[in-house]
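Below: one structure, written as structure tokens.
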Protein chains: 2
Amino acid sequence: MKPTDTTTYRALNTYTKLMRAAESVTSRVGRNMAAADLTISQFGVLEALLHKGPLCQRDIAAKILKSTGNITLVIDNLEKRGLVRRERINEDRRYLTIQLTDHGLELIHEVFARVEAAIVAEMKVLTHDEQETLGTLCKKLGLREGRG
Amino acid sequence: MKPTDTTTYRALNTYTKLMRAAESVTSRVGRNMAAADLTISQFGVLEALLHKGPLCQRDIAAKILKSTGNITLVIDNLEKRGLVRRERINEDRRYLTIQLTDHGLELIHEVFARVEAAIVAEMKVLTHDEQETLGTLCKKLGLREGRG
DNA sequence: GTCATATTGTTTAATATTAAACTATATGAT
DNA sequence: ATCATATAGTTTAATATTAAACAATATGAC
């Protein structure tokens, strides 16, 4: 093999493993969301509101990497279930502030705890040092322009 | 912070970075598929056929981690574009063998080369050793039961 | 003030995805 | 041979997602 070939081979291999790991972990962790009848996106929205407080839809879209059109629907569905509330802001009436309701807060609190536990369990196959290393390497890949 | 807290914190942090890296890289690499009017799933199917030869739909579904129902549609669309061909097997008439057409082979050959180059470019932010390390750590996370 | 431009959120149309019900075929026990 | 079970693929209904067009509101130049 020429050096280029081994370089390519290594890159493809690493890429594949990264993707598989992400899919695999997402799928297992996601079961805890599905158990509470939350999609990954719905969980993402509620989790953002839990940890950042009330947000407008645009900020939510940016946070969970989805289109604003999609967020409209996700919030619609959460609103129907009484988990969040929309509130028009008077200083700038284009904005809507999305807030957790009491029920929403209670639910995401509980589901987040389970998800958190699942993530900790997933990561337990790695030592602390390995986790730090993985985080550092992933961060290098994540940084860069472009959606995502 | 109690030890449990730092453990949890580290796990969540690592998880987030893993997810961001995967999304980010997928999104950038995926542009090369979109440029040829291929969805990620369509690319996945063609790529599997390119590197593994003819496959039945069930195997394709397993390979790209999608439902068999979805594969039916993906293959339908590829067939409409004349990129693959379905062929009933006579030894067991439940099976369909999916083959690349000449046109399909030509296309995936070209698109795969671009995707490959994109992946190599993505991975260039990591040294060879770092790639090996990332691969090893991801593999530990990926292994386990469960869809994915 | 008025108009051009930006921005927030909504709607629409197209596509993707899944789970579950279904059809057709094969296999194995009796 | 027959029947129960399993398997491959399809269909259907529900949901998710995006891009693009759109409505409402804000901002800034003049």
Side-chain angles (χ1 to χ4, degrees), chain A residues 23 26-28 30-31 33-46 48-49 54-81 83-99 146-148, chain B residues 23 26-28 30-31 33-46 48-49 54-81 83-99 146-148:
Chain A
E23 280 161 5
T26 299
S27 155
R28 290 190 298 260
R31 285 178 200 151
M33 304 170 193
D37 265 313
L38 292 175
T39 64
I40 293 181
S41 289
Q42 289 173 347
F43 175 86
V45 170
L46 296 179
L49 297 174
L55 292 172
C56 73
Q57 296 193 182
R58 180 146 251 280
D59 289 346
I60 293 174
K63 179 81 174 19
I64 72 169
L65 306 177
K66 292 283 145 68
S67 67
T68 59
N70 183 30
I71 293 300
T72 294
L73 181 68
V74 173
I75 302 282
D76 279 353
N77 291 334
L78 292 174
E79 203 176 32
K80 274 182 208 146
R81 274 175 73 183
L83 300 175
V84 303
R85 192 173 32 232
R86 281 178 164 104
E87 218 162 288
R88 186 68 67 178
I89 296 183
N90 273 322
E91 292 88 73
D92 187 335
R93 298 189 49 74
R94 289 171 303 180
Y95 287 75
L96 287 173
T97 270
I98 313 300
Q99 307 213 8
R147 189 209 108 178
Chain B
E23 280 162 5
T26 298
S27 155
R28 290 189 299 260
R31 284 179 200 151
M33 304 172 192
D37 266 313
L38 292 176
T39 64
I40 294 182
S41 289
Q42 289 173 347
F43 175 85
V45 170
L46 296 179
L49 297 174
L55 292 172
C56 72
Q57 295 193 182
R58 181 147 250 279
D59 290 346
I60 293 174
K63 178 83 175 18
I64 72 169
L65 307 176
K66 292 284 146 67
S67 67
T68 60
N70 183 31
I71 293 301
T72 294
L73 181 68
V74 173
I75 302 282
D76 279 353
N77 290 334
L78 291 174
E79 203 176 31
K80 274 182 207 146
R81 274 175 73 183
L83 301 175
V84 303
R85 192 172 34 231
R86 280 180 164 102
E87 219 162 289
R88 185 69 65 179
I89 296 183
N90 274 322
E91 292 88 74
D92 187 335
R93 298 188 49 73
R94 289 172 302 181
Y95 287 75
L96 287 173
T97 270
I98 313 300
Q99 307 212 7
R147 190 209 107 178

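Residue numbers start from 1 in every chain, and the chains themselves are labelled A, B, ... in the order their sequence lines are given, proteins ahead of strands.
The side chain to side chain contact (heavy atoms under 4.5 Å, CB included) check on Thr26(B) picks up Met19(A), Ile40(B), with sequence neighbours excluded. For Asp76(B), the salt bridge (Lys or Arg N to Asp or Glu O under 4.0 Å) criterion is met by Arg86(B), not counting sequence neighbours. Considering only residues two or more places apart in sequence or on other chains, Asp92(A) meets the side chain to side chain donor-acceptor pair (under 3.5 Å) condition with Arg94(A). For the side chain to side chain donor-acceptor pair (under 3.5 Å) test, residues two or more places apart in sequence or in another chain that qualify with Arg93(B) are Asn90(B). Applying the side chain to side chain contact (heavy atoms under 4.5 Å, CB included) criterion to Glu87(B), with sequence neighbours excluded, gives Arg85(B), Gln99(B). By the side chain to side chain contact (heavy atoms under 4.5 Å, CB included) test, Thr39(B) pairs with Ser41(B), Gln42(B), sequence neighbours left out. Here Asp37(B) pairs with nothing under the side chain to side chain donor-acceptor pair (under 3.5 Å) rule; sequence neighbours left out.
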Polar pairs (N or O, both sides) under 3.5 Å between protein and nucleotides 1-4 of chain D?
none

Protein and nucleotides 14-16 of chain D: nitrogen or oxygen contacts under 3.5 angstrom:
unit_1, atom_1, unit_2, atom_2, d
dA16(D), OP2, Asn77(A), ND2, 3.3

Report all interatomic pairs (protein N or O, nucleotide N or O of nucleotides 23-27 of chain D) with separations under 3.5 Å.
unit_1, atom_1, unit_2, atom_2, d
dT25(D), O3', Arg93(A), N, 3.4
dA26(D), OP1, Arg93(A), N, 2.7

- Show your working on side chain to side chain contact (heavy atoms under 4.5 Å, CB included) between Ile98(A) and Ile60(A) and close with a plain yes or no. CA-CA 9 Å; Ile98(A) 313 300; Ile60(A) 293 174; 3.9 Å; yes
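Atom-to-atom, CD1 of Ile40(A) to C1' of dT18(C) comes out at 13 Å; the value is rounded to the nearest Å. The distance from atom CD1 of Ile71(B) to atom C1' of dT11(D) is 16 Å, rounded to the nearest whole Å. Rounded to an integer number of Å, the gap from CD of Glu87(A) to C1' of dG9(C) is 16 Å. In this structure, Lys66(B) places its NZ atom 18 Å from P of dG9(D), rounding to the nearest Å. Between Ile98(B) atom CD1 and dG9(D) atom P there is a gap of 7 Å when expressed in whole angstrom units. Arg86(B) places its CZ atom 9 Å from the P atom of dG9(D), with the value rounded to the nearest Å. Atom C1' of nucleotide dT12(D) and atom CG of Asp76(B) are separated by 14 Å, given to the nearest angstrom. The CD1-P distance, from Ile60(B) to dG9(D), rounds to 8 Å in whole Å.
Taking a pair to require two hydrogen-bonding distances under 3.5 Å in either a Watson-Crick or a G-U wobble arrangement, dT25(D) remains unpaired. Base pairing of dA6(C): no nucleotide in any strand meets the Watson-Crick or G-U wobble criterion (both distances under 3.5 Å).
Of the side-chain N and O atoms in Arg58(B), none sit less than 4.0 angstrom from OP1 or OP2 of dT10(D).
Distance from the side chain of Tyr95(B) is smallest to dA8(D) among dG9(C), dA8(D), dT17(D). For Thr72(B), taking side-chain heavy atoms from C-beta onward, the closest of the listed nucleotides dT10(D), dT18(D), dT10(C) is dT10(D).
Within the 4.5 Å cutoff, the side chain of Gln57(B) has no heavy atoms near those of the Thr68(B) side chain. Side chains of Leu38(B) and Arg81(B) form a contact here, defined as non-hydrogen atoms less than 4.5 Å apart.
Rounded to the nearest 0.5 Å, atoms CD1 (Ile71(B)) and NZ (Lys63(B)) are 11.0 Å apart.
Syn is the classification of dA6(C), since its glycosidic angle stays within 90° of 0.
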